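Given the structure is predicted, the values throughout are model-derived calculations rather than measurements. Numbers restart at 1 for each chain; the letters A, B, ... are given by sequence-line order, proteins then strands.
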Amino acid sequence: MLRALADCNNFFASCERALNPALIGVPIVVLSNNDGCVIARSSEAKLLGIPMGAPFFQVRRVCEAHSVKVFSSNFSVYGDFSERVMEVLAKQARDFESYSIDEAFLGFPDMPEADARALGHRIRNDVLLTTGISVSIGMGATKVLCKLANERAKSDAESGGVIVVPSSPAGREEFLKGVKTRDIWGVGKGLATRLRGHGILSAQDLAEADPAFIRRLAGVVGERIALELRGIPCHEIIENAEARKSIMVSRSFGRPVSDFIDLSEAIATHAVRAAEKLRQENLATSTVTVFFGTNRFQKEAEQYGTSETEEIDFLTDDLGVIGAMAQRALKRVFKEGYFYKKAGVILTELSSKDVVQETLPGLGTAVPSSRNRLMKAVDTINAKLGKEMVRPASTGFERKWKSKSEQLSENSQTQEKVLPKTNGVPKRRIRFHE
DNA sequence: TCTGGGGTCCTAGGACCC
DNA sequence: TCTGGGGTCCTAGGACCC
(Lines give C-alpha, C1' and ligand atoms only; values in the text may rest on other atoms or scores of the structure.)
Protein backbone atom coordinates (compact mmCIF):
# COMPACT_ATOMS: atom_id res chain seq x y z
CA MET A 1 0.00 0.00 0.00
CA LEU A 2 1.21 3.48 -0.80
CA ARG A 3 1.66 5.64 2.25
CA ALA A 4 2.45 9.31 2.73
CA LEU A 5 3.66 11.62 5.45
CA ALA A 6 2.46 15.21 5.28
CA ASP A 7 4.58 17.47 7.48
CA CYS A 8 4.11 21.21 7.86
CA ASN A 9 7.12 23.32 6.97
CA ASN A 10 8.51 25.37 9.87
CA PHE A 11 5.11 24.94 11.46
CA PHE A 12 5.04 27.45 14.33
CA ALA A 13 6.84 30.08 12.25
CA SER A 14 4.38 29.43 9.40
CA CYS A 15 1.44 29.95 11.78
CA GLU A 16 2.78 33.33 12.89
CA ARG A 17 3.23 34.26 9.25
CA ALA A 18 -0.20 33.05 8.22
CA LEU A 19 -1.67 35.34 10.88
CA ASN A 20 0.43 38.29 9.75
CA PRO A 21 1.37 38.33 6.06
CA ALA A 22 3.63 41.32 6.67
CA LEU A 23 6.08 38.73 8.01
CA ILE A 24 6.53 37.07 4.61
CA GLY A 25 10.21 37.13 3.75
CA VAL A 26 11.15 38.23 7.27
CA PRO A 27 13.24 35.83 9.38
CA ILE A 28 11.18 34.45 12.29
CA VAL A 29 12.00 32.34 15.32
CA VAL A 30 9.58 30.97 17.90
CA LEU A 31 10.77 30.29 21.44
CA SER A 32 9.88 27.55 23.89
CA ASN A 33 8.15 28.20 27.19
CA ASN A 34 10.04 30.55 29.45
CA ASP A 35 11.57 31.94 26.25
CA GLY A 36 14.32 29.40 26.73
CA CYS A 37 15.13 27.79 23.39
CA VAL A 38 14.47 28.23 19.68
CA ILE A 39 11.83 25.67 18.71
CA ALA A 40 10.91 26.90 15.24
CA ARG A 41 12.63 28.92 12.53
CA SER A 42 11.50 30.27 9.20
CA SER A 43 13.73 29.38 6.25
CA GLU A 44 15.31 32.85 6.41
CA ALA A 45 16.23 32.26 10.06
CA LYS A 46 17.71 28.86 9.18
CA LEU A 47 19.89 30.54 6.56
CA LEU A 48 21.25 32.85 9.26
CA GLY A 49 22.61 29.74 10.95
CA ILE A 50 20.31 29.79 13.96
CA PRO A 51 20.23 26.15 15.11
CA MET A 52 17.12 24.26 16.21
CA GLY A 53 16.95 24.00 19.98
CA ALA A 54 19.56 26.69 20.57
CA PRO A 55 19.27 28.51 23.91
CA PHE A 56 17.96 31.93 22.99
CA PHE A 57 20.64 33.84 24.88
CA GLN A 58 23.22 32.26 22.54
CA VAL A 59 21.54 33.55 19.38
CA ARG A 60 20.07 36.80 20.66
CA ARG A 61 22.80 38.91 19.04
CA VAL A 62 22.41 37.26 15.65
CA CYS A 63 18.67 37.89 15.88
CA GLU A 64 19.15 41.53 16.75
CA ALA A 65 21.74 42.04 14.02
CA HIS A 66 19.42 40.66 11.33
CA SER A 67 16.11 42.02 12.65
CA VAL A 68 14.76 38.53 13.27
CA LYS A 69 11.17 38.63 14.54
CA VAL A 70 11.14 36.68 17.80
CA PHE A 71 7.94 35.16 19.19
CA SER A 72 7.10 33.45 22.43
CA SER A 73 5.20 30.28 21.59
CA ASN A 74 1.42 30.51 21.47
CA PHE A 75 0.22 26.93 21.52
CA SER A 76 -3.48 27.64 21.50
CA VAL A 77 -3.05 29.34 18.13
CA TYR A 78 -0.82 26.57 16.76
CA GLY A 79 -3.38 24.03 17.96
CA ASP A 80 -6.10 25.77 15.98
CA PHE A 81 -4.00 25.80 12.81
CA SER A 82 -3.18 22.15 13.37
CA GLU A 83 -6.86 21.25 13.53
CA ARG A 84 -7.47 23.02 10.25
CA VAL A 85 -4.58 21.29 8.48
CA MET A 86 -5.63 17.88 9.81
CA GLU A 87 -9.19 18.44 8.69
CA VAL A 88 -8.03 19.03 5.12
CA LEU A 89 -5.57 16.11 5.15
CA ALA A 90 -8.06 13.64 6.59
CA LYS A 91 -10.27 14.11 3.54
CA GLN A 92 -7.51 13.10 1.14
CA ALA A 93 -7.00 9.46 2.06
CA ARG A 94 -8.79 6.37 3.27
CA ASP A 95 -6.39 5.89 6.16
CA PHE A 96 -5.44 8.87 8.27
CA GLU A 97 -3.32 9.20 11.41
CA SER A 98 -2.62 12.50 13.07
CA TYR A 99 0.89 11.81 14.32
CA SER A 100 1.88 15.10 15.93
CA ILE A 101 0.81 18.72 15.98
CA ASP A 102 2.22 19.24 12.49
CA GLU A 103 2.35 15.79 10.84
CA ALA A 104 -0.05 13.17 9.58
CA PHE A 105 0.35 9.77 7.93
CA LEU A 106 -1.99 8.93 5.06
CA GLY A 107 -2.70 5.54 3.48
CA PHE A 108 -3.84 5.00 -0.10
CA PRO A 109 -4.81 1.42 -0.86
CA ASP A 110 -4.95 0.64 -4.61
CA MET A 111 -3.13 3.83 -5.54
CA PRO A 112 -0.70 3.12 -8.41
CA GLU A 113 2.82 4.35 -7.78
CA ALA A 114 2.73 6.19 -11.11
CA ASP A 115 0.05 8.53 -9.76
CA ALA A 116 1.78 9.22 -6.45
CA ARG A 117 3.60 12.42 -7.38
CA ALA A 118 0.56 14.12 -8.84
CA LEU A 119 -1.46 13.11 -5.79
CA GLY A 120 1.17 14.57 -3.49
CA HIS A 121 1.10 17.89 -5.31
CA ARG A 122 -2.70 18.01 -5.14
CA ILE A 123 -2.64 17.51 -1.37
CA ARG A 124 0.02 20.17 -0.96
CA ASN A 125 -1.94 22.72 -2.94
CA ASP A 126 -5.15 21.93 -1.14
CA VAL A 127 -3.63 22.47 2.31
CA LEU A 128 -1.85 25.65 1.23
CA LEU A 129 -4.97 27.20 -0.29
CA THR A 130 -7.30 26.41 2.57
CA THR A 131 -5.01 27.02 5.56
CA GLY A 132 -2.09 29.14 4.35
CA ILE A 133 0.32 26.50 5.65
CA SER A 134 2.88 24.90 3.36
CA VAL A 135 3.42 21.15 3.82
CA SER A 136 5.97 18.72 2.43
CA ILE A 137 4.88 15.28 1.28
CA GLY A 138 7.00 12.15 1.49
CA MET A 139 5.64 8.94 -0.02
CA GLY A 140 6.66 5.31 0.03
CA ALA A 141 5.71 1.81 1.11
CA THR A 142 6.35 2.27 4.85
CA LYS A 143 6.28 4.99 7.48
CA VAL A 144 10.08 5.02 7.79
CA LEU A 145 10.44 5.49 4.02
CA CYS A 146 7.80 8.24 4.06
CA LYS A 147 9.77 10.03 6.78
CA LEU A 148 12.97 9.92 4.76
CA ALA A 149 11.19 11.05 1.61
CA ASN A 150 9.68 13.92 3.55
CA GLU A 151 13.06 15.12 4.76
CA ARG A 152 14.36 15.01 1.21
CA ALA A 153 11.30 16.90 -0.03
CA LYS A 154 12.06 19.67 2.45
CA SER A 155 15.73 19.98 1.57
CA ASP A 156 15.57 19.39 -2.19
CA ALA A 157 14.26 22.56 -3.82
CA GLU A 158 13.72 20.83 -7.15
CA SER A 159 11.27 18.36 -5.65
CA GLY A 160 8.55 20.96 -5.37
CA GLY A 161 7.81 19.64 -1.89
CA VAL A 162 6.95 16.08 -2.94
CA ILE A 163 9.23 13.01 -3.02
CA VAL A 164 8.27 9.40 -3.69
CA VAL A 165 10.60 6.54 -2.74
CA PRO A 166 10.36 4.02 -5.61
CA SER A 167 9.21 0.53 -4.71
CA SER A 168 11.65 -1.12 -7.11
CA PRO A 169 14.73 -2.47 -5.28
CA ALA A 170 17.08 -0.55 -7.56
CA GLY A 171 15.21 2.72 -7.13
CA ARG A 172 15.00 2.30 -3.39
CA GLU A 173 18.69 1.46 -3.11
CA GLU A 174 19.60 4.57 -5.06
CA PHE A 175 17.54 6.62 -2.61
CA LEU A 176 18.80 4.95 0.58
CA LYS A 177 22.48 5.14 -0.37
CA GLY A 178 22.47 8.87 0.18
CA VAL A 179 20.89 8.76 3.64
CA LYS A 180 23.03 8.68 6.80
CA THR A 181 21.82 6.30 9.53
CA ARG A 182 21.50 9.14 12.04
CA ASP A 183 18.90 10.75 9.77
CA ILE A 184 16.60 7.72 9.90
CA TRP A 185 13.45 8.05 11.99
CA GLY A 186 14.03 6.12 15.21
CA VAL A 187 17.82 6.08 14.99
CA GLY A 188 19.12 8.38 17.68
CA LYS A 189 22.63 9.21 18.76
CA GLY A 190 23.15 5.98 20.70
CA LEU A 191 21.98 3.62 18.00
CA ALA A 192 23.82 5.49 15.24
CA THR A 193 27.06 5.07 17.18
CA ARG A 194 26.50 1.34 17.68
CA LEU A 195 25.69 0.86 14.00
CA ARG A 196 28.77 2.79 12.95
CA GLY A 197 30.87 0.47 15.07
CA HIS A 198 29.79 -2.33 12.73
CA GLY A 199 30.36 -0.40 9.54
CA ILE A 200 26.70 0.44 9.01
CA LEU A 201 26.81 4.02 7.83
CA SER A 202 23.96 4.53 5.38
CA ALA A 203 20.29 3.62 5.33
CA GLN A 204 21.13 1.19 2.54
CA ASP A 205 23.74 -0.52 4.76
CA LEU A 206 21.05 -0.98 7.41
CA ALA A 207 18.50 -2.27 4.91
CA GLU A 208 20.99 -4.86 3.64
CA ALA A 209 22.12 -6.05 7.07
CA ASP A 210 21.05 -9.43 8.48
CA PRO A 211 17.85 -8.79 10.49
CA ALA A 212 18.87 -11.27 13.20
CA PHE A 213 22.14 -9.42 13.65
CA ILE A 214 20.35 -6.07 13.83
CA ARG A 215 17.98 -7.52 16.39
CA ARG A 216 20.85 -8.51 18.64
CA LEU A 217 22.54 -5.16 18.13
CA ALA A 218 19.53 -2.86 18.35
CA GLY A 219 16.57 -4.84 19.68
CA VAL A 220 13.16 -5.09 18.07
CA VAL A 221 13.10 -1.35 17.54
CA GLY A 222 16.16 -1.49 15.31
CA GLU A 223 14.96 -4.59 13.52
CA ARG A 224 11.67 -2.93 12.62
CA ILE A 225 13.47 0.09 11.24
CA ALA A 226 15.65 -2.15 9.07
CA LEU A 227 12.62 -4.02 7.73
CA GLU A 228 10.73 -0.82 7.02
CA LEU A 229 13.71 0.43 5.02
CA ARG A 230 13.29 -2.67 2.85
CA GLY A 231 9.68 -1.75 2.24
CA ILE A 232 8.21 -4.24 4.73
CA PRO A 233 5.68 -2.40 6.93
CA CYS A 234 6.06 -2.90 10.69
CA HIS A 235 4.17 0.24 11.73
CA GLU A 236 0.59 0.48 10.58
CA ILE A 237 -1.33 3.70 10.18
CA ILE A 238 -3.34 3.97 13.37
CA GLU A 239 -6.69 5.62 12.77
CA ASN A 240 -8.01 5.80 16.29
CA ALA A 241 -5.41 7.04 18.66
CA GLU A 242 -5.41 4.86 21.76
CA ALA A 243 -6.27 6.49 25.02
CA ARG A 244 -3.32 8.33 26.37
CA LYS A 245 -1.40 6.89 29.28
CA SER A 246 -0.19 9.92 31.13
CA ILE A 247 -0.74 13.63 31.53
CA MET A 248 2.17 15.84 32.44
CA VAL A 249 2.33 19.54 33.27
CA SER A 250 5.70 21.08 34.04
CA ARG A 251 7.42 24.43 33.77
CA SER A 252 10.77 25.96 34.41
CA PHE A 253 10.70 28.85 36.85
CA GLY A 254 11.29 32.40 35.69
CA ARG A 255 13.84 32.62 38.50
CA PRO A 256 15.28 30.01 40.85
CA VAL A 257 13.17 29.28 43.94
CA SER A 258 14.27 27.83 47.25
CA ASP A 259 11.29 28.40 49.58
CA PHE A 260 8.91 25.55 50.20
CA ILE A 261 5.96 27.87 49.72
CA ASP A 262 7.04 28.84 46.20
CA LEU A 263 7.56 25.25 45.14
CA SER A 264 4.27 24.32 46.76
CA GLU A 265 2.42 27.02 44.80
CA ALA A 266 3.98 25.91 41.52
CA ILE A 267 3.11 22.26 42.19
CA ALA A 268 -0.43 23.28 43.12
CA THR A 269 -0.72 25.25 39.88
CA HIS A 270 0.51 22.36 37.75
CA ALA A 271 -1.78 19.92 39.57
CA VAL A 272 -4.79 22.13 38.87
CA ARG A 273 -3.89 22.36 35.19
CA ALA A 274 -3.29 18.59 34.96
CA ALA A 275 -6.69 17.90 36.56
CA GLU A 276 -8.26 20.29 34.07
CA LYS A 277 -6.74 18.37 31.14
CA LEU A 278 -7.97 15.17 32.75
CA ARG A 279 -11.56 16.44 32.85
CA GLN A 280 -11.34 17.80 29.30
CA GLU A 281 -10.63 14.28 28.11
CA ASN A 282 -13.20 12.69 30.38
CA LEU A 283 -10.55 10.71 32.26
CA ALA A 284 -9.85 9.98 35.92
CA THR A 285 -6.71 9.00 37.83
CA SER A 286 -5.56 7.34 41.02
CA THR A 287 -1.85 8.18 40.82
CA VAL A 288 -0.09 11.53 41.06
CA THR A 289 3.66 12.02 40.72
CA VAL A 290 5.44 15.27 41.49
CA PHE A 291 8.99 16.08 40.45
CA PHE A 292 11.31 19.03 40.81
CA GLY A 293 14.98 19.76 40.46
CA THR A 294 17.78 22.27 40.50
CA ASN A 295 19.35 23.80 37.37
CA ARG A 296 21.37 21.01 35.78
CA PHE A 297 23.34 23.48 33.66
CA GLN A 298 24.77 25.12 36.75
CA LYS A 299 27.49 22.58 37.28
CA GLU A 300 29.13 24.27 40.25
CA ALA A 301 25.86 24.59 42.21
CA GLU A 302 24.71 21.82 44.51
CA GLN A 303 22.20 19.59 42.68
CA TYR A 304 19.08 17.91 43.94
CA GLY A 305 16.12 16.55 42.07
CA THR A 306 13.63 13.83 42.74
CA SER A 307 10.18 12.50 42.02
CA GLU A 308 7.61 11.12 44.42
CA THR A 309 4.35 9.30 43.78
CA GLU A 310 1.12 9.28 45.77
CA GLU A 311 -1.64 6.75 45.16
CA ILE A 312 -5.24 6.47 46.28
CA ASP A 313 -7.60 3.53 46.04
CA PHE A 314 -10.27 5.25 43.99
CA LEU A 315 -10.36 7.26 40.76
CA THR A 316 -10.83 11.00 40.68
CA ASP A 317 -10.73 14.09 38.45
CA ASP A 318 -11.19 16.49 41.36
CA LEU A 319 -8.61 19.25 41.52
CA GLY A 320 -8.88 19.27 45.32
CA VAL A 321 -8.08 15.58 45.68
CA ILE A 322 -5.32 15.68 43.07
CA GLY A 323 -3.87 18.87 44.54
CA ALA A 324 -3.78 17.38 48.04
CA MET A 325 -2.09 14.23 46.77
CA ALA A 326 0.57 16.34 45.05
CA GLN A 327 1.20 18.31 48.24
CA ARG A 328 1.54 15.16 50.35
CA ALA A 329 4.10 13.79 47.90
CA LEU A 330 6.00 17.08 47.81
CA LYS A 331 6.18 17.33 51.61
CA ARG A 332 7.72 13.87 51.82
CA VAL A 333 10.71 14.71 49.59
CA PHE A 334 11.22 18.49 49.73
CA LYS A 335 14.70 19.53 50.84
CA GLU A 336 15.64 22.93 52.15
CA GLY A 337 18.72 24.75 50.90
CA TYR A 338 18.65 24.27 47.14
CA PHE A 339 17.78 26.57 44.25
CA TYR A 340 15.12 24.83 42.20
CA LYS A 341 14.63 25.54 38.52
CA LYS A 342 11.75 23.36 37.43
CA ALA A 343 8.80 21.41 38.79
CA GLY A 344 6.01 19.29 37.40
CA VAL A 345 3.09 16.97 38.01
CA ILE A 346 2.35 13.70 36.20
CA LEU A 347 -0.93 11.79 36.29
CA THR A 348 -0.82 8.09 35.37
CA GLU A 349 -3.13 5.06 35.68
CA LEU A 350 -5.74 6.92 33.66
CA SER A 351 -9.21 5.47 33.09
CA SER A 352 -12.22 6.73 31.23
CA LYS A 353 -14.55 8.45 33.66
CA ASP A 354 -17.54 6.68 32.10
CA VAL A 355 -15.99 3.31 32.83
CA VAL A 356 -15.36 4.43 36.38
CA GLN A 357 -18.97 5.31 36.93
CA GLU A 358 -20.23 2.13 35.32
CA THR A 359 -17.96 -0.31 37.08
CA LEU A 360 -17.60 1.37 40.43
CA PRO A 361 -21.02 2.43 41.57
CA GLY A 362 -19.55 3.09 45.00
CA LEU A 363 -17.71 6.05 43.54
CA GLY A 364 -20.74 8.17 44.22
CA THR A 365 -19.80 8.20 47.85
CA ALA A 366 -16.10 8.83 47.23
CA VAL A 367 -16.76 11.81 44.96
CA PRO A 368 -19.84 13.73 46.05
CA SER A 369 -21.86 15.04 43.14
CA SER A 370 -21.52 18.53 44.58
CA ARG A 371 -17.80 18.28 43.80
CA ASN A 372 -18.60 17.24 40.23
CA ARG A 373 -20.81 20.28 39.88
CA LEU A 374 -18.09 22.47 41.32
CA MET A 375 -15.55 21.14 38.79
CA LYS A 376 -18.00 21.83 35.98
CA ALA A 377 -18.54 25.37 37.21
CA VAL A 378 -14.79 26.00 37.43
CA ASP A 379 -14.23 24.68 33.92
CA THR A 380 -17.09 26.70 32.48
CA ILE A 381 -15.96 29.95 34.05
CA ASN A 382 -12.35 29.48 32.98
CA ALA A 383 -13.39 28.57 29.44
CA LYS A 384 -15.53 31.66 29.15
CA LEU A 385 -13.54 34.26 31.00
CA GLY A 386 -9.96 33.07 30.55
CA LYS A 387 -7.40 30.72 32.01
CA GLU A 388 -7.04 30.68 35.80
CA MET A 389 -9.95 33.05 36.31
CA VAL A 390 -10.96 30.74 39.16
CA ARG A 391 -8.28 28.76 40.96
CA PRO A 392 -7.46 27.53 44.45
CA ALA A 393 -5.67 29.98 46.74
CA SER A 394 -2.97 27.32 47.18
CA THR A 395 -1.71 28.26 43.70
CA GLY A 396 -0.47 31.54 45.15
CA PHE A 397 -0.88 35.25 44.52
CA GLU A 398 2.47 36.92 43.96
CA ARG A 399 3.82 33.84 42.16
CA LYS A 400 7.38 35.04 41.77
CA TRP A 401 8.29 31.68 40.24
CA LYS A 402 6.17 32.10 37.11
CA SER A 403 7.76 31.49 33.69
CA LYS A 404 8.62 34.50 31.65
CA SER A 405 7.31 35.15 28.19
CA GLU A 406 9.01 38.39 27.38
CA GLN A 407 8.23 38.45 23.69
CA LEU A 408 4.54 38.05 24.47
CA SER A 409 4.30 40.66 27.17
CA GLU A 410 6.14 43.13 24.97
CA ASN A 411 2.83 43.47 23.04
CA SER A 412 0.40 42.62 25.75
CA GLN A 413 -2.62 43.88 23.81
CA THR A 414 -4.81 40.88 23.25
CA GLN A 415 -7.04 40.88 20.24
CA GLU A 416 -9.72 38.62 18.93
CA LYS A 417 -9.34 37.30 15.43
CA VAL A 418 -10.96 34.62 13.34
CA LEU A 419 -9.00 32.06 11.38
CA PRO A 420 -9.78 31.61 7.68
CA LYS A 421 -12.78 29.41 7.04
CA THR A 422 -13.18 26.19 5.09
CA ASN A 423 -16.44 25.34 3.38
CA GLY A 424 -18.11 28.23 5.08
CA VAL A 425 -17.84 26.51 8.44
CA PRO A 426 -16.92 29.14 11.01
CA LYS A 427 -14.10 28.17 13.29
CA ARG A 428 -14.20 29.04 16.93
CA ARG A 429 -12.81 32.39 17.87
CA ILE A 430 -9.35 32.42 19.27
CA ARG A 431 -7.43 34.78 21.47
CA PHE A 432 -3.87 35.54 20.69
CA HIS A 433 -1.21 38.17 21.10
CA GLU A 434 0.12 40.10 18.17
C1' DT B 1 22.13 36.81 33.98
C1' DC B 2 19.81 33.52 30.26
C1' DT B 3 19.40 26.34 28.42
C1' DG B 4 11.32 23.73 26.78
C1' DG B 5 7.52 20.60 27.46
C1' DG B 6 5.02 16.43 26.60
C1' DG B 7 4.84 12.02 25.13
C1' DT B 8 5.72 6.59 23.87
C1' DC B 9 7.97 2.18 23.82
C1' DC B 10 11.39 -1.26 25.13
C1' DT B 11 14.56 -3.69 28.17
C1' DA B 12 16.86 -5.47 32.12
C1' DG B 13 16.53 -7.02 36.46
C1' DG B 14 14.25 -8.03 40.78
C1' DA B 15 10.34 -10.05 43.22
C1' DC B 16 7.54 -13.60 43.44
C1' DC B 17 5.30 -17.95 42.31
C1' DC B 18 4.82 -22.96 41.35
C1' DT C 1 32.31 -30.40 44.42
C1' DC C 2 27.35 -30.08 44.99
C1' DT C 3 22.54 -26.01 45.74
C1' DG C 4 16.00 -26.54 39.51
C1' DG C 5 13.76 -24.36 36.06
C1' DG C 6 10.37 -21.88 34.32
C1' DG C 7 7.07 -18.52 34.33
C1' DT C 8 4.85 -13.66 35.14
C1' DC C 9 4.57 -9.12 36.76
C1' DC C 10 6.34 -4.81 37.95
C1' DT C 11 9.43 -0.96 37.83
C1' DA C 12 13.14 2.17 36.76
C1' DG C 13 15.58 4.01 33.41
C1' DG C 14 17.09 4.57 28.73
C1' DA C 15 16.22 5.95 24.12
C1' DC C 16 13.82 8.27 20.99
C1' DC C 17 10.44 11.51 18.98
C1' DC C 18 8.00 16.08 17.98
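With ring centers used as reference points, A:F292 lies 6.0 Å or more from A:W401. A distance below 6.0 Å separates the ring centres of A:F75 and A:Y78. You'll find the ring centres of A:F213 and A:H198 inside the 6.0 Å limit.
C:dC18 and B:dT3 have their P atoms separated by 25 Å, given to the nearest Å.
Residue contacts shown for A:E223 are absent, as no nucleic acid heavy atom lies under 4.0 Å away.
Between the CD1 atom of A:I346 and the C1' atom of B:dG7 there is a distance of 10 Å, given to the nearest Å. The separation between A:I50 atom CD1 and B:dT3 atom P is 18 Å, rounded to whole Å. B:dT8 atom C1' lies 14 Å from atom CD1 of A:I225, rounded to whole Å.
In secondary-structure terms, DNA chain C builds stems of at least 3 consecutive Watson-Crick or G-U pairs, each pair having both distances under 3.5 Å, at B:5-18 with C:5-18.
The 5' end of DNA chain B is approached more closely, in terms of each residue's nearest nucleotide, by A:N295 than by the other of A:N295 and A:A218.
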Would you tabulate the nitrogen or oxygen pairs shorter than 3.5 Å linking the protein to nucleotides 4-6 of chain B?
from  : atom 1 : to     : atom 2 : distance (Å)
B:dG4 : O4'    : A:S32  : OG     : 2.6
B:dG5 : OP1    : A:S252 : N      : 2.6
B:dG5 : OP2    : A:S252 : N      : 3.4
B:dG5 : OP2    : A:S252 : OG     : 3.0
B:dG5 : OP2    : A:K342 : NZ     : 3.4
B:dG5 : O3'    : A:R251 : NH1    : 3.2
B:dG6 : OP1    : A:R251 : NH1    : 3.2
B:dG6 : OP2    : A:S250 : N      : 2.5
B:dG6 : OP2    : A:S250 : O      : 3.1
B:dG6 : OP2    : A:S250 : OG     : 3.0

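Ionic pairing of A:K331 and A:E308 is not present here: no N-O contact between side-chain nitrogen and carboxylate oxygen is shorter than 4.0 angstrom. Between A:E97 and A:R3 there is no salt bridge, since none of the side-chain N atoms of the basic residue sits less than 4.0 Å from a carboxylate O of the acidic one. Of the charged side-chain nitrogens involved, at least one lies within less than 4.0 Å of a carboxylate oxygen, so that A:R273 and A:E276 count as a salt-bridged pair. Between A:R399 and A:E388 a salt bridge is recorded (basic side-chain N to carboxylate O distance below 4.0 Å).
In this structure, the separation between CD1 on A:I28 and NZ on A:K69 is 9.0 Å, given to the nearest 0.5 Å.
For the pair A:Q298 and B:dC2, the criterion of a side-chain N or O lying under 4.0 Å from OP1 or OP2 is met.
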How does protein reach along nucleotides 9-17 of chain C, written 5' to 3' as B (base within reach of a heavy atom under 4.0 Å), S (only sugar-phosphate), or - (no contact)? -------SS
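Between A:Y338 and A:Y340, the two ring planes are tilted [angle within 30° to 60°].
For the 3.5 Å distance criterion, the side chains of A:E44 and A:S42 qualify, holding a donor opposite an acceptor.
Across all their heavy atoms, A:V290 and A:A329 have their closest contact at CG2-CB, 3.9 Å.
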